[in-house]
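Letters go in sequence order (proteins before strands), and every chain restarts at 1. In this text, all values refer to a predicted model and were calculated from it rather than measured experimentally.
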2 protein chains.
Amino acid sequence: MDGAVKQVSNTQRAVDELRRLIFSGELGAGSDHLESELAERLGMSRTPIREAALILEAQGLVEMRPRKGLRVLALSPSDMRDIYDVLTELESLSAENAARLGYSDEELRHLATAISDMEEALERKDLEAWAKADDAFHAELVRLGRNSRVQAIAGMMVDQVRRAKAMTLQIRPLPVKSNEDHRGVFEAIRSGNAAEARRIHYAHRTHAKTMLLELLEKYRFLHL
Amino acid sequence: MDGAVKQVSNTQRAVDELRRLIFSGELGAGSDHLESELAERLGMSRTPIREAALILEAQGLVEMRPRKGLRVLALSPSDMRDIYDVLTELESLSAENAARLGYSDEELRHLATAISDMEEALERKDLEAWAKADDAFHAELVRLGRNSRVQAIAGMMVDQVRRAKAMTLQIRPLPVKSNEDHRGVFEAIRSGNAAEARRIHYAHRTHAKTMLLELLEKYRFLHL
DNA sequence: GCATTGATTAACGCATACGCAAATAAATGC
DNA sequence: GCATTTATTTGCGTATGCGTTAATCAATGC
């Protein structure tokens, strides 16, 4: 019955696969790739590759240049600042709205779980696990904000900085302060304090942005 | 030499033309259109139409549904709220950054022009001209904020509400208060008062959102 | 010796064609 | 007469092919 019928189009597969290749770094930042080459690599024809490329271009991950192929976009520190500024605004709005909407403890369970996962990962000094839980926290926060556009945009922005986050993970200071902030945002949401939720989260993101930009300044050689 | 060589791809022409058809209402909200039908209408084959459709879908203007064709997305009041919330946040950020960046009077000329255009249009009760100048003001504000992502996102959001704005233009109260707000934002930017620029613009957008949502509540029949 | 122009080739834009999936209409069985 | 199944049609997903454009390299002229 569920025989796992492959209900997904080749275009969708191409999008997923290309995203994976980009995030894993197999397609490095700034690198060019011909459509035909990618088509062969993914075992499909040029058309679904082109359609996937148009989608990824709209999401800001690649650039299509005639006769040059797909270019995986590199991120300058200025790009990072731009992206983090957007995330700061939209997530802060989400925190405010989440607090205003007044969720039950049950509905906030995912958020709580993400926080304790982070704390636990931090004790174990498991940075990978921490980053994953951190992603989960931010995604869940945005979800609770109940704004479909914010969710879509935040998702795109997170995608764009994914590589950079992974690369700086090893050289950044231990995110101890982050966890305090998360708890603060959580408590503000739980108690319905919208202004406070926004304020704390805004400060949290701003702090993270500053830290990251200083890091990029220091390790200028890092190519994102 | 310049013989007006058509240097633009058919895909780009299709994007432009479809956008125009959507904004003009020739392709009404919620309506379905077959790719082949649109191809014939625009005098090209299905391929550039498909590519254009993928781009427009990524920008949230249409939806591609297998065997149903392209659907022009309709906007619910909830969508409008979501979109205006995003615009509120990102434009407020832009206002703050513009003030912080410290522009000269010369660099602020476009902004000033947009404001006086609005005031003039308002005296003539020329709502069309007012709306156009209002668009110009917001676009210029975002441009001055100097954040490429914000510019791209704000552009998409403005596109999505373009039809709704046009339809409500005739039934909304005269935008007298708007013009005061714009002057306030302008002065704050000119004097480098970042917090004030953000605050005024935030209030301005919030007010406009409330007004629009009440209007939609009242004229429920308006299909956007 | 350098520059400019022409040829060759690589890559893409667009069109067309084919096969499959889904929706609708028709027909048969209950 | 209604429901279920089958056939037909419609429309899209994907592939392929061709014409066009641009980039590279070589050759010739200055």
Separation of dG11(D) C1' from M64(B) CE (nearest whole Å): 12 Å
Integer-rounded Å distance: dA15(C) P and E51(B) CD: 10 Å
Residue L34(A), side-chain heavy atoms: nucleotide from dA15(D), dC12(C), dA15(C) that is nearest: dC12(C)
Phosphate OP1/OP2 of dC14(C) contacted by T47(B) side-chain N/O (<4.0 Å): no
R46(A) side chain near dA15(D) phosphate (N/O to OP1/OP2, under 4.0 Å): no
Rounded distance (nearest 0.5 Å) linking atom CG of L54(A) with atom CD of E57(B): 11.5 Å
First of M44(A) and R67(B) reached from the 5' end of DNA chain D, by closest nucleotide: R67(B)
Between C1' of dC12(C) and CZ of R50(A), the distance in whole Å: 7 Å
Whole-Å distance separating the CD atom of E57(A) from the C1' atom of dC12(C): 14 Å
Nearest listed nucleotide, side chain of S9(B), among dA22(C), dC12(C), dG13(C): dG13(C)
Spacing of E35(B) atom CD relative to dG11(D) atom C1', expressed in whole Å: 8 Å
Atom pair distance, as rounded to whole Å: CD in E37(B) and C1' in dT10(D): 14 Å
Listed nucleotide nearest any side-chain atom of S45(A), set dG13(D), dA22(D), dT14(D): dT14(D)
Nearest-0.5 Å distance, CD1 of residue I153(A) to CD1 of residue I153(B): 5.0 Å
Ring geometry between H204(B) and H138(B) (parallel below 30°, tilted from 30 to 60°, perpendicular above 60°): parallel
Interatomic distance where CG belongs to N10(B) and C1' belongs to dG13(C) [whole Å]: 8 Å
Phosphate OP1/OP2 of dT14(D) contacted by T11(A) side-chain N/O (<4.0 Å): yes
Spatial distance of atom OG (S178(A)) from atom CD1 (I115(A)) [nearest 0.5 Å]: 11.0 Å
Spacing of L38(B) atom CG relative to dC14(C) atom P, expressed in whole Å: 16 Å
Side-chain donor-acceptor contact under 3.5 Å, S31(B) with H33(B): yes
